[in-house]
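Everything below concerns the one structure shown next.
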Amino acid sequence: MSNAKTRVVVTRKLPDAIETRMMELFDVELNLEDTPFSKAQMIEAVKKADVLVPTLTDKIDAGILARSGKNLRLIANYGAGVDHIDLASARQRGISVTNTPDVLTEDTADMTMALILAVPRRLSEGERNLRAGKWTGWAPTWMQGHRIYGKRLGIIGMGRIGQAVARRAKGFGLSIHYHNRKRLHKDIENDLEATYWESLDQMLARMDFISVNCPHTPATYHLLSARRLKLLQPHAVLVNTARGEVIDENALTRMLAAGDIAGAGLDVFENEPAVNPKLLAMENVVLLPHMGSATFEGRIDMGEKVLVNIKTFSDGHTPPDRVLSDSF
Ligand code: DGY
């Protein structure tokens, strides 16, 4: 594939600097209005593109890929998660898929830590009260939350982001526990003073805070099912900055309403951008609009990765961030 001819279709508005560089390097169709593509527009895009640059808001399923033209050789996803792309179908059609790992690790870990702090310390609720004029002055028993220091944090998914959360949490005096498909190397475990639980069920039942940091795959869909959520202690707080689909959101909502779990901090939801109205009405939850990676720096870094992946691929080499379907 020669650079001059590489036709790139971008499905959403990207940072200006990234779009400009992309225009310099390739033959690009941008989406300056940032209106998400309809199904018909997506089919049109996969028919004409050599390289498609989608985001997590685009569903690229087998049906869409079946309509792709023979030129489509690369899906260079702007984002780390690739659960919106049918990887098996792409592989069958000889279409490579790349993503943007690493560069959103620290930002997502910051947001996770923010939620771990915000829920037990009632940050959103306190601010809502103040803005509503309900603050009449300091009082010994008003707006009490729960201490973070000295509690146990269970991390589900100890990849890059999980480990970055662990490093931060350790600094806040939390003791680190984790469940992962594979146990970490002893040196990393020692460094983080982390306790490994092969059994997720056993870990859930003993933690004060749980943080979901694993990708959404067929294996992790509703990993926190109604049955597993019931294992949590009533004072537990659950935080999710990964993907909504990992938690049975209806079951979680029922438990929060019944007081069977103390609170939740959610940056992601099962049916984004829809949020269960029952959650919206609750005081003991902090809800964010999927903004874990939303820093100016991070979004530029993600774009740089997309550029490098496309350029390397168009030059005939294996792009650095190639996603292998069986690695998820
Ligand atoms: C990703 O890249 O998958 C993140 O969820 C975006 O915030």
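In listed order, ligands and their atoms are each counted from 1. In this text, all values refer to a predicted model and were calculated from it rather than measured experimentally.
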Q.
To check you understand the geometry: which heavy-atom pair defines the closest contact between Leu288 and Phe269, and what is its length?
A. O-CE1, 3.2 Å

Q.
Among all protein heavy atoms in this structure, tell me which lies nearest to atom 6 (C) of ligand 1, with the distance rounded to 0.1 Å.
A. Ser293 OG, 3.4 Å

Q.
Can you confirm if the aromatic rings of Tyr196 and Tyr178 lie within a centre distance of less than 6.0 Å?
A. yes

Q. Strictly under 4.0 Å, does any heavy atom of Met291 approach an atom of ligand 1?
A. no

Q: Using the side-chain contact (heavy atoms from CB on, under 4.5 Å) rule, pick out the option among Arg91, Arg73, Arg322 that qualifies with Ser96.
A: Arg322

Q | Close-contact set for ligand 1 against Gly79 heavy atoms, below 4.0 Å | A | 2 (O)

Q. According to a 4.5 Å side-chain heavy-atom criterion applied to Ile, Leu, Val, Met, Phe, Trp and Tyr, with indirect links allowed, do Leu56 and Val275 form part of one hydrophobic cluster?
A. no

(Q) Looking only at protein heavy atoms, which one is nearest to atom 2 (O) of ligand 1, and what is the separation? (A) Ala80 N, 2.7 Å

Q. Looking at Leu104, which atoms of ligand 1 are within less than 4.0 Å of one of its heavy atoms?
A. 2 (O)

Q | Side chain, backbone, both or neither: the part of Leu56 lying under 4.0 Å from ligand 1 by heavy atom | A | side chain

Q. Which residue holds the protein heavy atom closest to atom 4 (C) of ligand 1, what is that atom called, and what is the gap in Å?
A. His290 NE2, 3.8 Å

**Q.** Sub-4.0 Å atoms of ligand 1 with respect to non-hydrogen atoms of Gly81
**A.** 1 (C), 2 (O), 3 (O)

(Q) Apply the hydrophobic cluster definition, ILVMFWY joined by side-chain contacts under 4.5 Å directly or through others, and give me every member besides Leu130. (A) Trp135, Trp142, Met143

Q. Looking only at atom types and distance, does a side-chain atom of Asn309 sit under 3.5 Å from a main-chain N or O of Asp321, one as donor and one as acceptor?
A. yes

